[in-house]
2 protein chains.
Amino acid sequence: MPPVRRPRSAKAAPASLHLTRFLPYRLSVLANTVSHTVAKLYETRFGITIPEWRIIAVLGGGETLSAGEIAQRTAMDKVQVSRAISRMLDSALILRESGDADRRKALLTLTPKALTIYAEIVPMALAYEADLTTALSDEERATLDQLLTRLQARADGLAAAPARDDAGDEDGGA
Amino acid sequence: MPPVRRPRSAKAAPASLHLTRFLPYRLSVLANTVSHTVAKLYETRFGITIPEWRIIAVLGGGETLSAGEIAQRTAMDKVQVSRAISRMLDSALILRESGDADRRKALLTLTPKALTIYAEIVPMALAYEADLTTALSDEERATLDQLLTRLQARADGLAAAPARDDAGDEDGGA
DNA sequence: TCAAGATAGTTTCGTTTGAAACTGTTGCAA
DNA sequence: TTGCAACAGTTTCAAACGAAACTATCTTGA
């Protein structure tokens, strides 16, 4: 059980904050650098965007999913998914058929064209990932995996819970 | 024991790619979750955006910097910095005076109002960071630090280096 | 001295984004 | 049934973004 943790000793020194040592900042910059590089990989080659790539990635196995399920698995919101799908319909990367049982849900499948792209991108993506982690030992890679998993879980928790152990007043005002 | 070791050279099987195990994706999602949460922290309380917070962070020590230097230290591009500064001028968070020696450069300093905000945000930001890494031991925190540093360096390198052994055609077309 | 050219920062333009409003469909309950 | 809330997905609107064009200043070198 976590002890009541009080912000580091003291309120005196504001403990100057160096952006380059601030975890949220570092994660943001790193993710940005990486995303940008990977995006270039398939953007220049196949003319698809990050959201489109993610959709291809989750449907690449040949599965059929609804837009909502895609949103969940790609961590994108439904608006983003909707727009990406619309683009992919235009470029004939995806197939949409109305759901049989529930006509609100549209069933989405990749076209052969998209499957081809998938087959070509996957090795590139994995190669980049391997390249990126070249500087890490196998053990370090495993550790990284672990740490990221735990951080994500924790971040999810903190995102949900607004305040500390405070009563749940949602709205701050001002 | 080292779990699944993937032979890097595999070219045969397309090695299905699970988004949830793909490092760029995971970094993106994690950074996003974290950024969003932190942003809420100071957005609701002080009405400032992420770029503005970053500028406050680098100027919080009382330093005077030019827009270009800010861009460098915050990893934002100059357009973003320019716009953030413009907003901050409106809300009296920043002070701009024309450079003496080089009149192209504007010297930027935080106003007392912004310094107050800085003093209030820093503990909140550090508390969040501490909260986030609660699930990590001290050793793991150090490891994470190390790994992120190395990954960033590597990512920077890969971002600079264009393509693999391909000819350098920049434009992909449709 | 003055004509490139480099540099600092801003503005413009078209695109992307997220939140909220909206349309259409389903499930539930009176 | 009908009425209404919940849900799936789309559209709208205003803000935010990036790339490229632009303004203003400084540097250079002929």
Side-chain angles (χ1 to χ4, degrees), chain A residues 28-29 31-33 35-37 39-40 43-44 47-55 59 64-91 94-109 159 170-171, chain B residues 28-29 31-33 35-37 39-40 43-44 47-55 59 64-91 94-109 159 170-172 174:
Chain A
S28 171
V29 172
N32 222 40
T33 309
S35 283
H36 200 259
T37 305
K40 238 178 227 162
E43 201 213 41
T44 66
I48 63 174
T49 64
I50 294 182
E52 292 170 41
W53 148 245
R54 286 190 179 176
I55 291 177
L59 293 179
T64 294
L65 298 177
S66 72
E69 291 167 322
I70 290 178
Q72 259 189 301
R73 300 210 199 174
T74 56
M76 303 192 285
D77 79 25
K78 60 182 184 169
V79 176
Q80 219 174 352
V81 171
S82 172
R83 285 195 266 238
I85 287 174
S86 151
R87 280 192 301 264
M88 292 172 79
L89 284 169
D90 288 346
S91 47
I94 214 168
L95 214 90
R96 172 165 63 184
E97 41 179 337
S98 188
D100 39 311
D102 188 337
R103 266 182 340 205
R104 287 172 306 180
K105 298 191 185 180
L107 305 184
L108 301 161
T109 326
E170 182 81 10
D171 192 19
Chain B
S28 170
V29 173
N32 222 41
T33 309
S35 282
H36 201 259
T37 305
K40 237 178 226 161
E43 199 212 41
T44 66
I48 63 174
T49 64
I50 295 182
E52 292 168 41
W53 148 245
R54 286 191 180 175
I55 292 177
L59 292 179
T64 294
L65 299 177
S66 72
E69 290 166 323
I70 290 177
Q72 259 188 302
R73 299 211 199 175
T74 56
M76 303 192 286
D77 79 23
K78 60 182 185 168
V79 175
Q80 216 174 354
V81 170
S82 173
R83 285 196 266 239
I85 287 173
S86 149
R87 281 193 302 265
M88 293 172 80
L89 284 170
D90 288 345
S91 46
I94 214 169
L95 214 89
R96 171 166 62 185
E97 44 179 337
S98 188
D100 40 312
D102 187 337
R103 266 182 341 206
R104 287 172 305 179
K105 297 192 185 179
L107 305 182
L108 302 159
T109 326
E170 183 80 10
D171 190 20

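In the text below, chain A, chain B and the rest are named by the order of the sequence lines, each starting its count at 1. Just so you know, these numbers use all the heavy atoms, side chains as well, and skip hydrogens, waters and symmetry mates.
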Undergrad: Mind calculating the distance between CG (B:Asp100) and C1' (D:dC26) to the nearest angstrom?
TA: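 Rounding to the nearest Å, CG of B:Asp100 and C1' of D:dC26 are 14 Å apart.
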Undergrad: What's the CG-C1' distance between B:Asp77 and D:dA19, to the nearest Å?
TA: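 Whole-Å distance recorded here is 9 Å.
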Undergrad: So what does A:Ser66 hit on the nucleic acid, given a heavy-atom distance under 4.0 Å: a base, only sugar-phosphate, or nothing?
TA: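 If one applies the 4.0 Å heavy-atom cut-off, A:Ser66 turns out to touch the sugar-phosphate alone, with no base involved.
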Undergrad: Just compare D:dA16, C:dG18, D:dA8 and give me whichever is closest to any side-chain atom of B:Arg87.
TA: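 Closest nucleotide to the B:Arg87 side chain: D:dA16.
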Undergrad: Establish, with yes or no, whether the OP1 or OP2 oxygen of D:dA16 is under 4.0 angstrom from a side-chain nitrogen or oxygen of B:Gln80.
TA: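 Negative; the distance criterion is not met.
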Undergrad: Looking only at non-hydrogen atoms, find the nearest pair between B:Glu69 and B:Leu65 and report the distance.
TA: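 Minimum heavy-atom contact is OE1-CA, 3.4 Å.
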Undergrad: Taking only side-chain N and O atoms of B:Arg83, does any of them lie within less than 4.0 angstrom of OP1 or OP2 on D:dA16?
TA: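 For D:dA16, OP1/OP2 do not have a side-chain N/O of B:Arg83 under 4.0 Å.
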Undergrad: What is the minimum heavy-atom distance between B:Leu108 and B:Ala67, and which atoms define it?
TA: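 Reported closest heavy-atom pair: CD1-N, 3.7 Å.
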Undergrad: For a quick check of understanding: with a heavy-atom distance under 4.0 Å over all strands, which category does B:Ala71 fall into, base, sugar-phosphate or nothing?
TA: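 Nothing, no heavy atom under 4.0 Å.
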Undergrad: With nearest nucleotide decided by heavy atoms, which residue, B:His36 or A:Thr49, maps closer to the 5′ end of DNA chain C?
TA: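 The residue whose closest nucleotide sits nearer the 5' end is A:Thr49.
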Undergrad: Could you check whether A:Lys105 gets within reach of a base, just the sugar-phosphate, or nothing at all, counting any heavy atom under 4.0 Å?
TA: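 Result for A:Lys105 = sugar-phosphate.
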Undergrad: Please give, in whole Å, the distance from C:dT15 C1' to A:Glu52 CD?
TA: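 Taking atom C1' of C:dT15 as the reference, CD of A:Glu52 is at 13 Å.
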Undergrad: Grab the CD-P distance between A:Glu69 and D:dC7 for me, whole Å please.
TA: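 After rounding, the gap between these two atoms is 15 Å.
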Undergrad: What is the separation between atom CE on A:Met76 and atom P on C:dG18, rounded to the nearest whole Å?
TA: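 Taking CE of A:Met76 and P of C:dG18, I get 11 Å after rounding.
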Undergrad: What's A:Ala101 touching, base or sugar-phosphate or nothing? Going by heavy atoms closer than 4.0 Å.
TA: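 Contact class for A:Ala101: sugar-phosphate only.
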Undergrad: Send over the distance from B:Arg103 CZ to D:dT25 C1', rounded to a whole Å.
TA: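 Answer to the nearest Å: 7 Å.
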Undergrad: Determine whether a donor-acceptor pair (N or O, by modelled atom type, separation under 3.5 Å) exists between the side chain of B:Ser86 and the backbone of B:Ser82.
TA: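 No, because the side chain of B:Ser86 does not come within donor-acceptor range (under 3.5 Å) of the backbone of B:Ser82.
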Undergrad: Assess whether one donor atom and one acceptor atom, taken from the side chain of A:Arg104 and the base of D:dC7, lie less than 3.5 Å apart.
TA: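 Result: at least one qualifying N/O pair found.
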Undergrad: When you measure from the side chain of A:Arg96, which nucleotide among C:dG9, D:dG9, C:dT17 comes out closest?
TA: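 Closest of the options to the side chain of A:Arg96: D:dG9.
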Undergrad: Is it true that a side-chain atom of B:Arg54 and a backbone atom of B:Thr74 form a donor plus acceptor pair closer than 3.5 Å?
TA: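 Such a contact is found between B:Arg54 side chain and B:Thr74 backbone.
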Undergrad: If each of B:Val79 and A:Ser82 is mapped to the nucleotide of DNA chain D with the nearest heavy atom, which maps nearer the 5' terminus, i.e. the 5' end?
TA: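 It is A:Ser82 whose nearest nucleotide is closer to the 5' end.
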Undergrad: Yes or no on side-chain contact (heavy atoms from CB on, under 4.5 Å) for B:Ile94 and B:Ile55, after CA distance, side-chain angles and deciding distance?
TA: CA-CA 9 Å; B:Ile94 214 169; B:Ile55 292 177; 4.1 Å; yes
Undergrad: Rounded to whole Å, please give me the gap between CD1 in A:Ile85 and P in D:dG9.
TA: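 After rounding, the gap between these two atoms is 8 Å.
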Undergrad: Rounded to whole angstrom units, what separation is found between the NZ atom of A:Lys78 and the P atom of D:dT12?
TA: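 It works out to 16 Å between those atoms.
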